[in-house]
Amino acid sequence: MVVNFKVFKKCSPNNMITLYMNRREFVDSVTQVEPIDGIVVLDEEYVRQNRKIFVQLVCNFRYGREDDEMIGLRFQKELTLVSQQVCPPQKQDIQLTKMQERLLKKLGSNAFPFVMQMPPSSPASVVLQQKASDESQPCGVQYFVKIFTGDSDCDRSHRRSTINLGIRKVQYAPTKQGIQPCTVVRKDFLLSPGELELEVTLDKQLYHHGEKISVNICVRNNSNKVVKKVKAMVQQGVDVVLFQNGQFRNTIAFMETSEGCPLNPGSSLQKVMYLVPTLVANCDRAGIAVEGDIKRKETALASTTLIASQDARDAFGIIVSYAVKVKLFLGALGGELCAELPFILMHPKPSRKAQLETEGSIEA
């Protein structure tokens, strides 16, 4: 019987080493990360020579422009998170997956399995979008499975006998909704009686990418000021943990209106504004955090980063957050009144069938 299953395959430039993996995305459930498993197949010549083969999980963190680098100065850190010897095999208990068992039967005695566990506190796969004309390596966090031959795992690898396969650490949306976001802010004015009240509510806390966000706005003007305009926006917060002042925000969707304005003293206004944050509307803007797989054309905005606690933040990571911000404009003398509500923007966890359809196939 022919059994179809899905697998990625990559060979070294000298065709002596081949790597097989059945997936390139590994789910982080905050407390643990799915193990990284695969098969390494060696050419008969390498087996006869008893070559040592090592597999490593490498985290590449770039925190500056490649064009700004000078001799001796690099804005990049390459961290080896896990390293193990695959061949000759070491004495260790490996719980093989079904894919590994099938490939071992198909590929013969020159195939060697491996399993690596990614640290749960390691950063998520996120890169910062560049301009279309910029072809340098983007800033952000990327992961690679590295296979090479050498006398030890500290040896410098040679390009012709090395495999680097990019993978991603991803997080999917929780199955349960959180508390409905709601806030009320008030502003009083010097030498003026009464106050201006702004109440903002979202219809839910958790949104999926491409979903419409309903912003419910209620304004009660008990002051003697006049509200001239209302603006709602979605802001993406990016925190580069390595730098003390590495926090910045980008407005990725906005809408402003003067409908119902001017709002005179003693009046109230209730309005619903709809916002849809997408990468399509921000594809030409640099500095937007996107998913770490930059080779895919369907790359989306980076998902909200979920962490167990603030102390668990990795120093070489990028934390992404989202918030809805509503502004009331009162004119040159009155100033502004702002309210802000954080929310979660993530992908839903795909079904197993959907995951298989996105990968290539091989017959076993």
Side-chain angles (χ1 to χ4, degrees), residues 25 28 59-68 75-77 123-143 166-173 202 205-213 215 231-256 273-307 313-314 316-327 338 340-348:
E25 293 186 348
D28 174 15
C59 175
N60 190 339
F61 176 56
R62 173 165 286 281
Y63 53 91
R65 282 167 44 88
E66 193 173 4
D67 295 341
D68 295 336
F75 300 122
Q76 179 177 323
K77 296 288 184 182
S125 298
V126 177
V127 297
L128 301 183
Q129 183 173 256
Q130 305 177 111
K131 293 182 179 179
S133 59
D134 193 349
E135 297 181 356
S136 61
Q137 191 175 359
C139 297
V141 178
Q142 295 175 286
Y143 289 95
I167 63 172
R168 292 181 59 221
K169 179 187 175 186
V170 298
Q171 291 181 321
Y172 290 120
L202 303 182
Q205 185 193 39
L206 172 63
Y207 295 90
H208 296 153
H209 286 277
E211 198 172 353
K212 186 184 294 184
I213 300 173
V215 185
K231 182 177 182 179
M233 66 194 89
V234 175
Q235 293 188 329
Q236 182 193 69
V238 178
D239 182 5
V240 183
V241 183
L242 183 65
F243 302 113
Q244 187 175 359
N245 298 319
Q247 301 90 11
F248 59 92
R249 286 190 170 191
N250 295 303
T251 299
I252 55 177
F254 73 92
M255 179 182 180
E256 61 178 53
M273 301 177 76
Y274 299 99
L275 300 169
V276 183
T278 62
L279 184 59
V280 175
N282 299 275
C283 58
D284 296 327
R285 297 178 58 196
I288 303 292
V290 299
E291 292 178 340
D293 192 353
I294 60 171
K295 293 185 179 180
R296 286 188 180 181
K297 293 182 180 179
E298 62 269 21
T299 294
L301 292 168
S303 296
T304 300
T305 305
L306 302 180
I307 54 177
R313 300 193 309 169
D314 191 282
F316 297 104
I318 295 177
I319 307 297
V320 180
S321 60
Y322 291 90
V324 167
K325 189 173 184 179
V326 177
K327 275 187 180 182
C338 300
E340 190 172 305
L341 282 176
F343 67 93
I344 297 173
L345 181 66
M346 304 188 79
H347 289 289

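- Here the straight-line distance linking atom CG of Leu275 with atom CD1 of Ile213 works out to 6.5 Å at 0.5 Å rounding.
- Residue pairs satisfying the side chain to side chain donor-acceptor pair (under 3.5 Å) criterion with at least one member in residues 274-287, sequence neighbours excluded, are listed as follows: Asn282-Arg285.
- Shown here is Phe254, whose CZ atom has no more than 12 heavy atoms of other residues, nucleotides or ligands within 6.0 Å.
- One N or O on the side chain of Gln171 and one on the backbone of Leu306 form a donor-acceptor pair closer than 3.5 Å.
- Under the side-chain contact (heavy atoms from CB on, under 4.5 Å) test applied with Ile288, the options Val127, Leu128, Val238, Ile252 reduce to a single match, Ile252.
- Proximity of a side-chain donor or acceptor of Gln236 to a complementary backbone N or O of Ala289 within less than 3.5 Å is detected.
- The distance from atom SG of Cys283 to atom CD of Gln129, rounded to the nearest 0.5 Å, is 7.0 Å.
- Interatomic distance, CG of Leu301 versus NE2 of His347, reported as 8.5 Å (0.5 Å rounding).
- With values rounded to the nearest 0.5 angstrom, Arg249 atom CZ is found 6.5 Å from Ser321 atom OG.
- We find the NZ-CD distance between Lys325 and Gln235 to be 5.0 Å, quoted to the nearest 0.5 Å.
- With sequence neighbours left out, Lys327 forms a salt bridge (Lys or Arg N to Asp or Glu O under 4.0 Å) with Glu336.
- We find the CZ-CG distance between Phe248 and Asp239 to be 9.5 Å, quoted to the nearest 0.5 Å.
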